[in-house]
Amino acid sequence: MEKRKQRTGAVQPQPLNTQKRMRRAKPICSCSSPRFTSSGPAFTCYEQDVWTEIAKFLDGKSLVMLAATCRWLHELVMEGCIWRYLCLRDLQVPAPRHPAAFDWKKLYISSFNGSHSYMFRQPEKHIDWMRIGAFFLESSSVLITERLSTPLKFPKEESVQQMLESCGSCVLNDVKPGIWIADLQLVRCPVCELNTCDGTMQTLDARHIELFLSEGYQDGSWEYELIGIQDVKKHVEGASGAIFDVQHLNDTSTSAVFNLNSWVGKANDWQPKAVITRHAVAVNTNLQKNEGLQVKFHVMRAGAGGEVVSIRISQQLL
């Protein structure tokens, strides 16, 4: 037994008091921000530029979770430039030429919190909806139409109703440029009693990104106005609607809207479909045998004589 204890290389147990001193050699201290630490590697410090770039790789939910970790990061990630970057990135649109009227964090929340216009107007009529995406209006003139055939006729009549009657399209001026968000809505017939009408209506619902934050919209003083009605009194293959930026009507990306085979589905596919490009949006639902459609065009203005901030193209079977 003693020979075992004297083997070469055997580790001799240290005295108990030595072990305790080794454990106390590096005392445990309270956490302190690396920003205020004078020693240590430079990378351990809070570098604002580094964390700003890291924040740009996160989504909105993750960014809020990061902000909750400490006061310094909260101040950093709540800066408007970060939320502006996230908003443009996630909506996949270019930066607007004019500064936003609202905080970019609020714009991001209103764009991605699942809200839509029928939550604020006639919620009892709403059935279902689908977020299509965002597009960008660079000019203040748009072409709205219920037809997706080519060549697209450019109306020359004076009034909206005359334009619609001649070619199913009309040009709207004084439309607010910038980022627009498009939804496809399915609602009950808004002119009938809820319990006595089974009719449904498909609506291409587009709005400026700032609409839900505007005081006039929130207090109900801005309302939708009917600008035109078109009755198509014959069988139609599909219920379609589209909005185009007039300035980019001939762009290559816009032409993808008219390539119907790429997005409307087969003739026996009755599910609503939508396509969105940088400067246009369109919807289509293939229809079974029918007697025609009634198409309604609504706009909302930012007060009397103000810019158009929302557009609706609604279709219902006759």
Side-chain angles (χ1 to χ4, degrees), residues 91-93 117 129-157 160-161 163-173 175-187 201-208 224 226-232 236-265 269 271-287 293-300 308-316:
L91 292 175
Q92 300 181 7
V93 291
S117 61
W129 73 294
M130 175 181 73
R131 171 60 49 84
I132 303 174
F135 62 105
F136 192 80
L137 294 182
E138 195 166 347
S139 69
S140 58
S141 297
V142 300
L143 176 71
I144 58 176
T145 181
E146 55 88 16
R147 299 178 186 176
L148 295 178
S149 58
T150 54
L152 191 63
K153 295 181 180 180
F154 205 89
K156 298 180 180 180
E157 288 74 14
V160 171
Q161 189 60 44
M163 294 182 194
L164 294 174
E165 291 174 355
S166 68
C167 59
S169 306
C170 71
V171 176
L172 288 179
N173 297 311
V175 178
K176 187 171 184 176
I179 303 169
W180 281 61
I181 296 176
D183 299 326
L184 177 60
Q185 306 280 2
L186 184 64
V187 297
M201 186 169 66
Q202 170 185 290
T203 300
L204 171 57
D205 187 9
R207 60 177 171 90
H208 193 274
Y224 285 96
L226 180 66
I227 62 171
I229 300 177
Q230 184 185 22
D231 289 334
V232 183
V236 291
E237 298 293 335
S240 304
I243 303 172
F244 300 93
D245 186 335
V246 170
Q247 184 174 326
H248 296 275
L249 197 57
N250 296 320
D251 287 7
T252 303
S253 61
T254 303
S255 63
V257 174
F258 301 104
N259 184 13
L260 302 182
N261 293 332
S262 67
W263 65 276
V264 300
D269 184 354
Q271 291 298 317
K273 300 292 191 299
V275 63
I276 197 162
T277 67
R278 189 163 187 167
H279 302 288
V281 62
V283 297
N284 180 82
T285 301
N286 294 329
L287 299 175
L293 280 175
Q294 183 179 76
V295 187
K296 294 181 179 180
F297 298 83
H298 291 83
V299 299
M300 177 182 287
V308 174
V309 291
S310 183
I311 300 171
R312 283 180 176 176
I313 304 175
S314 305
Q315 292 143 327
Q316 186 175 15

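In this text, all values refer to a predicted model and were calculated from it rather than measured experimentally.
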Trainee: Can you establish whether the number of heavy atoms outside Arg278 located under 6.0 Å from its atom CZ is more than 12?
Mentor: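 Result for CZ/Arg278: open.
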Trainee: If I take atom CD from residue Glu237 and atom CG from residue Leu148, how far apart are they, to the nearest 0.5 angstrom?
Mentor: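 Answer for the CD-CG pair, Glu237 versus Leu148, is 13.0 Å.
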Trainee: If you look at every heavy atom in Ala206 and Ser310, which pair is closest and at what distance?
Mentor: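 Minimum heavy-atom contact is O-OG, 3.0 Å.
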Trainee: Under a 4.5 Å cut-off applied to non-hydrogen side-chain atoms, are Leu287 and Leu293 in contact?
Mentor: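 Side chain of Leu287 against side chain of Leu293, heavy atoms only: contact under 4.5 Å found.
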Trainee: Which pair of heavy atoms, one from Ala134 and one from Ile179, lies closest together, and at what distance?
Mentor: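 Shortest heavy-atom separation between Ala134 and Ile179 comes out as CB-CG2, 4.4 Å.
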Trainee: Which pair of heavy atoms, one from Ser314 and one from Met201, lies closest together, and at what distance?
Mentor: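 Result for this residue pair: CB-SD, 3.5 Å.
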Trainee: Of all heavy-atom pairs between Gln247 and Ser139, which one has the smallest distance, and what is that distance?
Mentor: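 Smallest interatomic distance, heavy atoms only, reads OE1-CB, 3.4 Å.
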Trainee: Would you check if the side chain of Thr203 reaches a backbone N or O of Asp205 as a donor-acceptor pair within less than 3.5 Å?
Mentor: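 Flag not set: sc Thr203 to bb Asp205 has no pair under 3.5 Å.
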Trainee: Just verifying a value: how many Å separate Trp129 CH2 and Leu186 CG, rounded to the nearest 0.5 Å?
Mentor: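 If we round to the nearest 0.5 Å, Trp129:CH2 and Leu186:CG are 13.5 Å apart.
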Trainee: Aromatic rings Phe244 and Phe258: how do their planes relate, parallel, tilted or perpendicular, breaks at 30° and 60°?
Mentor: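 Judged by the thresholds at 30° and 60°, the geometry between Phe244 and Phe258 is parallel.
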Trainee: List the atom of Phe135, the atom of Thr277, and the distance in Å for their closest heavy-atom pair.
Mentor: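 Looking at all heavy atoms of both residues, the shortest contact is CB-O, 3.5 Å.
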Trainee: Parallel, tilted or perpendicular: which fits the ring planes of His279 and His248, with parallel below 30° and perpendicular above 60°?
Mentor: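 His279 vs His248 ring planes: parallel.
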Trainee: Any chance you could measure Ile132, atom CD1, to Asp183, atom CG, to the nearest 0.5 Å?
Mentor: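 That separation rounds to 6.5 Å.
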Trainee: Rounded to the nearest 0.5 Å, what separates atom CG in Leu137 from atom CD1 in Ile311?
Mentor: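 Nearest 0.5 Å value for the CG-CD1 distance: 7.0 Å.
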Trainee: Kindly compute the distance separating CD1 (Ile313) from NE2 (His298), expressed to the nearest 0.5 Å.
Mentor: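 Result: 12.0 Å between the selected atoms.
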Trainee: What's the shortest heavy-atom distance between Ser117 and Arg312, and which atoms?
Mentor: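 So the two residues come closest at OG-NH2, 3.0 Å.
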Trainee: Would you check, one step at a time, whether the test side-chain contact (heavy atoms from CB on, under 4.5 Å) holds for Ile227 with Leu172?
Mentor: CA-CA 10 Å; Ile227 62 171; Leu172 288 179; 3.7 Å; yes
Trainee: Quick one, Ile144 and Leu204 - any side-chain contact, counting heavy atoms below 4.5 Å?
Mentor: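 Counting from C-beta outward, Ile144 and Leu204 never come under 4.5 Å.
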Trainee: Within this structure, what is the CZ-OG distance for the pair Phe297 and Ser169, rounded to the nearest 0.5 Å?
Mentor: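 If we round to the nearest 0.5 Å, Phe297:CZ and Ser169:OG are 7.0 Å apart.
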Trainee: Please tell me whether Asn286 and Asn284 have a donor and an acceptor in their side chains that are separated by less than 3.5 angstrom.
Mentor: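 There is such a pair between these side chains.
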Trainee: Kindly indicate, with the supporting measurements, whether the criterion side-chain contact (heavy atoms from CB on, under 4.5 Å) is fulfilled by Arg131 and Ile181.
Mentor: CA-CA 8 Å; Arg131 171 60 49 84; Ile181 296 176; 3.6 Å; yes
Trainee: Should Val281 and Trp180 be marked as a side-chain contact (heavy atoms from CB on, under 4.5 Å) after you check the CA-CA gap, both sets of side-chain angles, and the distance that decides it?
Mentor: CA-CA 10 Å; Val281 62; Trp180 281 61; over 6 Å; no
